[in-house]
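All values derive from a computational prediction rather than experimental measurement. Values reported hereafter were calculated over all heavy atoms of this structure, with side chains retained and with hydrogens, waters and symmetry mates removed.
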Amino acid sequence: MVVFFHFHSFSDTGSSFSVGDLTEFTATPLESVPQYEQQPMVPGEASIPPPVIPPIEKPSPRPEVPAKEDKLELKPEDPVETPKSKPAETSEQPPASIPMLTSDKLPHQLAQENRPIITGNDAVLTIDHWVKSPEHFPVPEEQIFPLPKKYKKLPQIQASFAKELGSKRKVRLQRQKAVKDAMIHTWKGYRQNAWLHDELLPVTRYFKDPFAGWGATLVDALDTLWIMGLEEEFLEAVEAVGKIDFTTTQLLKIPVFETVIRYLGGLIGAYDVSGGKHQVLLDKAIELGDMLYGVFDTPNRMPVLHWGWRPGQTALTLRGEFGAVSAELGSLTVEFTRLAQITGNNSYFDAVQRITDALEEFQPRTNLPGMWPLNIDTSGCKVVQVPLDPLPQRGSGQMTGDASDPIVHKHEKRQGTEQPIDWLGAVQGNRIMPEVDESKQQQKKPAITVETPVYSETEQPIDWLGAAQSKHIMPEVDESKQQQKKPAITVETPVYSETEQPIDWLSAAQGKHIMPEVDESKQQQKKPAFTAPAHSEIEQSVDWLGAAQSGHIMPDEDEPKQQQKPTFTVEDPVHRGLTKEAQSGKIHKEGDGGKSDTIDRQLSLAVTTTVAEFVRTSPSCVPRGLAGPNSSRDERFTLGGMADSLYEYLIKEYILLGGASDQYKKMYESSMEKAKKYLFFRPLAEGDPDVLLSGNVNVDKAGEITFDTDSGHLSCFTGGMLALGARALGHEADLEIGAKLTDGCVWAYASFESGIMPESFNTAYCKDPDNCKFSATEYYEQLVPKYRRPKNTGLQPHQHAKRVDIASPGYEVEEPGYEVEEPGYGVEEPETTMIDPIRVQKKYPTTLKEIAEQIIDDDALPTGFTKVTDKRYILRPEAIESVFIMYRVTADTTWQDKGWRMWQNVEKATRTPFAFSAINDVTRSTSDPQFVQLDEMESFWLAETLNEPGLISLDDYVLNTEAHPLRRPRPSS
């Protein structure tokens with residue numbers, strides 16, 4: 001249910017990834033697992049796989065804790081008998097194996113009563129349970145961050161309200177009753193049709209379990225039931241909570257963010273708002289919190305946000321994710337902090353405080369310093385390819401190495417049964433050899449010597465392409481005979497001229513081809529044995545990856561030159577390894593926007609190696625803090641979806657900690673400074689509305705910033721957030737900005753046919769917010785995309801024979817989808833009395849205005865809007881929640897009236913016989929034949945509904961992002 005009840009309740013008060021190869025643990029047959037929404041791929045962009053990650057060094061011993069297995073025998077308390085078949089005269093009887101139902105109830109209703117739908121042998125299910133086991137990367141007791149011990153007295157957030165007059169009180173109570181009736185209607189539908197399941201399907205009267213099947217709607221609704229005075233329903237729900245088993249679910253991986261804000265927040269909120277009288281709520285919160293604490297068991301303590309909970313999965317050592325969603329990473333603080341405050345267990349607070357520290361360190365280093373990109377690499381690794389073999393000495397003709405050299409990461413033992421080297425795999429970063437004892441390796445093989453082969457008449461030179469493709473360089477032969485014929489292969493160290501450069505393997509790995517094709521027949525005739533030419537002053541170094549992929553190893557050059565230079569030599573690089581700073585993991589980029597590539601230059605030395613050095617490599621992890629995603633796409637910065645609650649929780653955590661830590665204050669102020677500069681804009685629309693919306697910026701690798709006006713419901717929390725920050729921090733100017741942002745969402749609600757704002761949309765924007773007068777031409781310019789605008793070609797109509805009847809001068813349109821046969825040149829077209837539909841061409845718009853009007857008509861766009869990217873309304877509360885906060889912090893009753901109009905439109909469009917449903921298109925009225933209710937009702941519909949001011953005051957509670965009220969600690973005396 002939408003946050004609305006609070007408006008009319010006032011009386012006279014003033015107050016992972018796996019490190020190794022992660023194999024899914026599938027001991028139990030599972031039902032289909034829902035796929036969670038992923039970040040949309042930029043059109044035309046190829047998916048970039050994550051890099052190969054090296055093993056974590058010396059993990060803790062694998063816990064030997066047997067998995068708990070419960071064999072549940074499902075025996076009916078009241079068996080359903082199969083009706084006896086009666087003789088039929090005209091039809092065959094169904095086979096005896098097909099079960100028959102005698103109950104008139106739906107199958108899922110029978111399941112809720114623990115009654116099996118079919119008869120026959122008892123079903124036996126094996127269910128996995130999470131088991132608490134030793135951590136792989138525990139935090140020493142003395143290093144756990146404790147909760148602050150002293151809390152400040154913050155400025156008053158909630159306004160003082162004047163005495164309520166009788167007429168206003170009557171209106172308020174009527175509105176309050178209407179919202180409460182809606183809550184009762186929703187709860188009844190859930191209780192009868194989806195009890196103990198996550199969500200009710202409000203049209204078909206069924207259910208679904210996208211959030212682990214632990215009863216998300218039931219837990220989310222607990223505090224709302226208490227606030228509305230529905231005591232009987234609340235007590236029944238509390239009793240049902242005691243039956244939830246958080247140690248098992250049918251999901252392979254738990255969505256950590258959703259679990260924390262809905263379940264953990266819901267349990268703690270209900271415990272707090274009911275005065276701590278129901279211990280089962282706290283017990284279940286601790287049970288869930290202890291299990292979720294395992295998501296932080298990584299080398300850098302960054303959480304695994306989609307977590308495998310089974311014993312076989314928790315036994316694996318994991319790292320954080322390469323592309324963690326920033327909102328999911330930064331929106332765990334409030335719930336775990338409050339759990340730590342209630343229980344006194346500092347481990348809960350330590351877990352989220354380490355995330356905050358990492359975000360704080362990363363904040364000034366992003367491509368938009370002050371804000372965080374939509375996706376963040378939390379792995380703690382910069383992956384570099386480090387050669388495994390010893391390094392050559394300059395001009396020595398052989399490779400030697402010392403285990404103490406930082407670039408010689410690991411030596412690997414080779415036996416007589418070894419496989420040939422995988423060149424292509426090595427270039428691409430695959431590990432070829434197993435790890436061995438380095439000390440023994442050095443004793444047995446202090447150096448590696450390879451000599452030039454002498455081919456016999458029957459021998460063929462090496463097929464490098466075939467070798468690269470088959471992962472085998474040399475054919476398997478009798479090694480004793482092989483040694484007689486080919487004592488060794490010699491690769492000498494190059495002597496470069498003054499203008500030559502060593503081979504750039506990084507460029508080679510990126511696919512650049514250095515060498516041209518050759519005539520292989522000539523190559524074999526004149527060179528019976530494989531020799532590589534030395535480099536002249538103008539020659540380039542060999543691109544082994546490009547050569548292997550293109551099938552050409554040698555350049556097509558002057559043959560006498562190749563004969564004159566029969567030996568190929570390479571020179572070792574000036575620097576063979578990483579600097580001490582890179583080894584230590586002290587990687588802090590400084591300078592313009594944190595883009596200094598000092599460390600990148602250091603790391604590039606690990607991958608810019610020679611042929612001899614690049615025989616075998618291994619991925620190596622250089623420790624680092626948080627970083628941007630490892631991809632070629634631009635980074636997006638926004639306050640909207642996938643980032644929203646990260647910023648929301650900065651100011652709320654500051655309030656929940658009683659201002660005891662300035663860290664959250666500084667991070668919040670820094671982020672809002674950039675948001676006000678780059679994201680907030682005034683829409684350009686008829687009537688010149690003096691409102692604001694929140695957009696996005698994209699920053700490319702060169703640091704160029706591009707703005708777009710993509711906005712929507714998930715951005716509408718910003719108004720309320722700024723209002724809270726204005727009161728808590730004394731930034732009164734932000735209160736006005738927050739009001740305009742909230743009014744922007746109210747304006748968007750009123751703009752559409754249904755009176756409801758869509759999920760996401762774009763609008764035109766004022767280039768000068770202080771002097772913004774609507775201009776139709778400017779609006780059309782922003783509305784019509786470039787590819788649809790009139791083109792000024794300078795040609796006359798008669799020069800466009802096929803477009804004379806369609807286009808005005810200079811405007812090109814696409815040809816129709818069919819071919820129109822034109823009459824031959826100089827031949828008169830025969831007269832006809834019939835209308836030929838092939839000849840009747842569609843009249844296309846020819847001016848900017850006509851094109852704009854067509855777009856507006858086709859997409860049902862209100863004034864000022866340029867695109868509606870998602871026309872749905874899925875019962876989101878963000879807009880009306882900001883309206884609620886504005887009312888609470890200002891005591892301005894006009895916000896109550898705005899909220900009531902929004903509620904009336906929502907209630908009208910979404911009500912069903914059983915509850916309330918999401919809708920498909922807010923641009924259509926409920927009387928439109930194409931208006932559809934989507935049969936979806938997320939649990940936050942019931943959760944984000946508030947209350948009596950005496951119970952829920954913003955000076956006493958902090959609302960998590962699911963609107964669960966968490967009690968603020970009292971100021972220290």
With Thr343 via side chain to side chain contact (heavy atoms under 4.5 Å, CB included) - residues at least two apart: Leu282, Ile286, Leu339, Asn345, Tyr348

Sequence-distant partners of Tyr271, ring pair (Phe, Tyr, Trp, His ring centres under 6.0 Å), two or more places apart: none

No-hydrogen, no-angle side-chain donor-acceptor test under 3.5 Å, His964 and Asp220: yes

Under the side chain to side chain contact (heavy atoms under 4.5 Å, CB included) test, residues paired with Val260 that sit two or more places apart: Val256, Leu264, Leu292, Leu332, Glu335, Phe336

Those residues that, when tested against Glu653, pass salt bridge (charged side-chain N to carboxylate O under 4.0 Å, His left out) (two or more places apart): none

With sequence neighbours excluded, residues passing side-chain hydrogen bond (donor to acceptor under 3.5 Å, both in side chains) with Gln341: Arg338

Set of residues satisfying side-chain hydrogen bond (donor to acceptor under 3.5 Å, both in side chains) with respect to Glu907, sequence neighbours excluded: Arg911

Check: Ser917/Asp935 side-chain N/O donor and acceptor closer than 3.5 Å: no

Of all pairs that satisfy ring pair (Phe, Tyr, Trp, His ring centres under 6.0 Å), the ones with a partner from residues 213-237, not counting sequence neighbours: Trp214-Phe246, Trp214-Tyr263, Trp226-Phe234, Phe234-His278

Residues in side-chain hydrogen bond (donor to acceptor under 3.5 Å, both in side chains) contact with Glu936, at least two apart in sequence or another chain: none

Side chain to side chain contact (heavy atoms under 4.5 Å, CB included) partners of Asp921, counting only residues at least two apart: Lys871, Thr923, Arg924

Set of side chain to side chain contact (heavy atoms under 4.5 Å, CB included) partners for Thr961, sequence neighbours left out: Ile261, Ser645, Glu648, Tyr649

Sequence-distant partners of Lys208, salt bridge (charged side-chain N to carboxylate O under 4.0 Å, His left out), two or more places apart: Glu199

side-chain hydrogen bond (donor to acceptor under 3.5 Å, both in side chains) involving Glu231 - partner list, sequence neighbours excluded: none

